[in-house]
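Counting convention: from 1, in listed order, for ligands and their atoms alike.
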Amino acid sequence: MAAEKQRFAPDLLALVSVGSIASFVTLLCVVAGRFPGARPLLTIVIIGLGAGGLILFRQLRKGANSLAAGEARAHYVATHDELTQLPNKALFVDRLRLAANSVSTLESVASFTLFQIALDRFEETVEVLGISASDQVVVEAASRLSSICRDTDTLARVRDDGFALLCADMTRGAAEAMASEMVQRLCTPYAAAAGQAVITCSIGIGFLAPELDQPIEAFRQAQLAVSDARKLGGARYSVFDPSMDQALKNRKALEVELRHALAENALTMKYQPQVNAKGVLVGVEALMRWNHEQRGVIAPSVFVPLSENCGLSESLGRLAIRQAFADAKHWAGLKVAINVSAAQVRSGGLVPTLLELLAETKSNPRNFELEITEGVLLADEAQTHETLNAVRGLGFSIALDDFGTGYSSLSYLRRFPVDKIKIDQSFVSHLGKRPESSAIIKAILDLAEALELKVIAEGVETKAQAERLIELGCGLHQGYFYSQPVAAEGIADLLAGRSKLAA
Ligand code: C2E
Ligand code: CA
Ligand code: CA
């Protein structure tokens, strides 16, 4: 409306101005009729005024037209993404609302399909390739998507790393086929100026149904399906299912409870013995437990990742370190391994926390080993190098957990200050069942010997596994064959000879 008014104003101004000139010319004509002697002069004035009026009219019209063009441009800019020229989120939501209205009037079920298309780990791509090359990737991705869209579909760029697509009249089968085609196209490598980029994408599918009065709800549901696709490893699509909503609600509830648990000291540490080839207790691994009032004991594999999603990993890590430092005071001669998450290492807060807790508990760092996973080393960031060197400089040793399951790259072992590797339990459990397990364990032991690293095997459950490991040359063991993780008092009992290891 405001725009129409603006366009109308110069038109009106032109008409009024030309009208005034015309009236003046009429007046001059009347004067010329009365005073014939002045006619030649008046004729020149009248012609001049007529021409001037015409020029003024033209100028004002031109002004009105360029204002209208500017306004159309402003509207386009406000509703389109500058980089890809696709509709932006505002326009997409507008179209979604229109679609929702037609769904509720027609009462046709799921006549619109909504796709959320997210480029996986796009931030990393920007960091590696730089902004201009990653922009090229986005433009190329937009063009690959556009090439499979129909004229009636709305494809929009709704986030830096994501698109949304709204399609009318599409069966579920056709929607899945479309999503699969999109995954395949988007996952094909990109030729960017800075080098080849390999990017995967996760797609979520939602349907606009009459009962969804809020079209934004369909948007959210498709987004939940994206998270599901990502959880399954990315490079795939997922169709929204109400159970995803329930899972999210449960997770949110658990997050709140974890916050309370931290405040109320409901998190405790258990310690699992580590033994040498003679079966003598030489160390323990600190493993956290959450004793939940209703749900019982919750495993760290559930609440550690949860803590990372809700900003609690720092507090959780701090609690584990403080507790392990305090408990270890009573265990002379035992090395205590503490698990440290990637988030803790990257946050930059690990070293100050260690220093503070060493001082508070008056502990000796040489009695402790920090266990990290290869994921920590993967990004190869300056911060990681700095933190690990500082930790080692304080006197802590570092063990690489779950070795053999990730990249197991020799170069990590050479570049990072690692003292020990822990052979993952999957290799140990396959000993005697799969011939390659022995070969892999032997190869890890040879590698460790060449790099002068210690090796421990975890997940040792049987006598046969323990014996085979010793035959292969691996003398440090941890697992249920010796002991389950036990409370701190259980370790004190073992040290005092009040109890014995199972093996
Ligand atoms: P992890 O560091 O690989 O720990 C070994 C897991 O294997 C432990 O599970 C342990 O109870 C289990 N285990 C020990 N012996 C055996 C065996 O003989 N057979 C089998 N099948 N399993 C065995 P848990 O305690 O559930 O811990 C799971 C993971 O949670 C740990 O894996 C570790 O990554 C993480 N975690 C535990 N405590 C902490 C913590 O304080 N901080 C951080 N960041 N992560 C922790
Ligand atoms: Ca561990
Ligand atoms: Ca492990």
Side-chain angles (χ1 to χ4, degrees), residues 258 261-262 266-275 283-292 296-309 312-328 335-347 349-350 353-354 357 368-376 391 397-406 408 418-431 433 444 455-466 469 476-488 490-491 501-503:
L258 181 58
L262 260 166
L267 295 162
T268 53
M269 299 306 281
K270 291 249 166 157
Y271 298 89
Q272 186 173 35
Q274 297 178 336
V275 303
V284 292
E285 178 179 7
L287 295 159
M288 211 186 275
R289 295 286 176 268
W290 176 4
N291 303 308
H292 192 285
V297 177
I298 300 180
S301 50
V302 173
F303 66 84
V304 170
L306 191 72
S307 74
E308 287 174 11
N309 287 336
L312 289 177
S313 65
E314 191 84 18
S315 329
L316 209 71
R318 194 184 176 78
L319 183 135
I321 298 168
R322 174 185 272 130
Q323 194 59 52
F325 280 6
D327 289 336
K335 190 88 152 177
V336 180
I338 306 172
N339 289 284
V340 169
S341 71
Q344 275 174 280
V345 176
R346 295 207 185 106
S347 73
L350 184 61
T353 301
L354 289 171
L357 297 176
F368 298 94
E369 186 166 71
L370 301 187
E371 288 194 7
I372 56 168
T373 51
E374 265 179 307
V376 173
V391 161
S397 52
I398 295 175
L400 198 52
D401 206 354
D402 305 339
F403 194 78
T405 56
S408 309
V418 174
D419 302 275
K420 190 192 265 182
I421 44 190
K422 288 191 93 170
I423 300 178
D424 188 65
Q425 43 184 278
S426 56
F427 300 110
V428 177
S429 68
H430 290 141
L431 267 179
K433 293 182 201 152
I444 295 175
V455 184
I456 183 167
E458 63 180 332
V460 182
E461 293 183 347
T462 65
K463 190 166 192 241
Q465 287 168 354
L469 282 164
L476 284 174
H477 302 175
Q478 175 185 340
Y480 297 162
F481 176 56
Y482 302 96
S483 171
Q484 293 268 341
V486 297
I491 301 297
L501 292 169

Show which atoms of ligand 1 fall inside a sub-4.0 Å distance from at least one heavy-atom site of Glu285. 2 (O), 4 (O)

Quick one: does Gln478 get within less than 4.0 Å of ligand 1, heavy atoms only? no

Under the criterion side chain to side chain contact (heavy atoms under 4.5 Å, CB included), which of Val340, Asn339, Ile372, Val376 is the partner of Asp401? Asn339

How would you list, by chain and number, every residue that makes a ring-ring contact (aromatic ring centres under 6.0 Å, His included) with His430, sequence neighbours excluded? none

The N/O/S atom of Glu285 lying closest to the Ca ion (ligand 2) is OE2

Proximity flag Gln484 to ligand 1, non-hydrogen atoms under 4.0 Å: no

Within ligand 1, which atoms have a heavy atom of Met288 less than 4.0 Å away? 37 (C), 38 (N), 41 (O)

Check Lys335, Gln274, Gln478, Lys270 against Glu285 for a side chain to side chain donor-acceptor pair (under 3.5 Å) and give me the one that passes. Gln478

Ligand-side contact atoms (ligand 1) for residue partner Pro300, heavy atom cut-off under 4.0 Å: 24 (P), 25 (O), 26 (O), 27 (O), 28 (C), 30 (O), 36 (N), 37 (C)

Atom 6 (C) of ligand 1: which protein heavy atom is closest, and how many Å away? Gln425 NE2, 3.9 Å

With heavy-atom distances below 4.0 Å as the criterion, list the atoms of ligand 1 near Asp402. 3 (O)

Name every donor-acceptor pair, under 3.5 Å, that has one atom in a side chain of residues 455-462 and the other anywhere in the protein, sequence neighbours excluded.
{"from": "Thr462", "atom 1": "OG1", "to": "Gln465", "atom 2": "N", "distance (Å)": "3.1"}

Checking Asp402 side chain against Thr373 main chain: does a donor-acceptor pair fall under 3.5 Å? no

Output the list of atoms in ligand 1 that are nearer than 4.0 Å to some heavy atom of Ala320, sorted by atom number. 41 (O)

Which distance, rounded to the nearest 0.5 Å, do you find between the CD1 of Ile298 and the CE of Met288? 13.0 Å

Parallel, tilted or perpendicular, as decided by the 30° and 60° cut-offs, for the rings of Phe303 and Trp290: perpendicular

Report the distance from atom CG of Leu357 to atom CG of Leu319, rounding to the nearest 0.5 Å. 10.0 Å

As an exercise, state the distance from OG of Ser483 to CG of Leu501, rounded to the nearest 0.5 Å. 6.0 Å

Interatomic spacing from OG in Ser313 to CG in Leu306 - rounded to 0.5 Å: 11.0 Å

Out of Ile321, Asn339, Val302, whose heavy atom sits nearest atom 45 (N) of ligand 1? Asn339

With atoms numbered from 1 as shown, which atoms in ligand 1 lie under 4.0 angstrom from a non-hydrogen atom of Glu458? 3 (O), 5 (C)

Among all protein heavy atoms in this structure, tell me which lies nearest to atom 16 (C) of ligand 1, with the distance rounded to 0.1 Å. Tyr480 CE2, 3.3 Å

Ranked by distance from atom 32 (O) of ligand 1, the top protein heavy atom is Asp401 OD2, 4.8 Å

Please check atom 9 (O) of ligand 1 for a protein heavy-atom neighbour under 4.0 Å. no

Checking side-chain contact (heavy atoms from CB on, under 4.5 Å) for the pair Glu369/Lys420: CA distance, chi angles, key distance, verdict? CA-CA 9 Å; Glu369 186 166 71; Lys420 190 192 265 182; 3.2 Å; yes

Atom indices of ligand 1 within 4.0 angstrom of Pro485 heavy atoms, with elements: 11 (O)

The Ca ion (ligand 3): protein N, O or S atoms [distance under 3.0 Å]: Asp401 OD1, Asp402 OD1, Glu458 OE1, Glu458 OE2

Would you say atom 30 (O) of ligand 1 touches the protein, meaning some protein heavy atom is under 4.0 Å from it? yes

Compare Glu461, Met269, Gln465, Gln344 and give the one whose heavy atom is closest to atom 21 (N) of ligand 1. Glu461

In terms of residue, atom name and distance, what is the protein heavy atom nearest to atom 15 (N) of ligand 1? Gln272 NE2, 2.9 Å

How close does the nearest protein non-hydrogen atom get to atom 4 (O) of ligand 1, and which residue and atom is it? Leu287 CD2, 3.7 Å

Hey, does the side chain of Asp419 reach the backbone of Ile398 with a donor-acceptor pair shorter than 3.5 angstrom? yes

Who passes ring-ring contact (aromatic ring centres under 6.0 Å, His included) against Phe368, sequence neighbours left out? Phe325

Evaluate the side chain to side chain donor-acceptor pair (under 3.5 Å) criterion for residues Glu314 and Gln344: first the C-alpha distance (whole Å), next the side-chain angles of each, then the deciding distance (0.1 Å), finally the verdict. CA-CA 6 Å; Glu314 191 84 18; Gln344 275 174 280; over 6 Å; no

Kindly compute the distance separating CZ (Arg318) from CG (Leu262), expressed to the nearest 0.5 Å. 11.5 Å

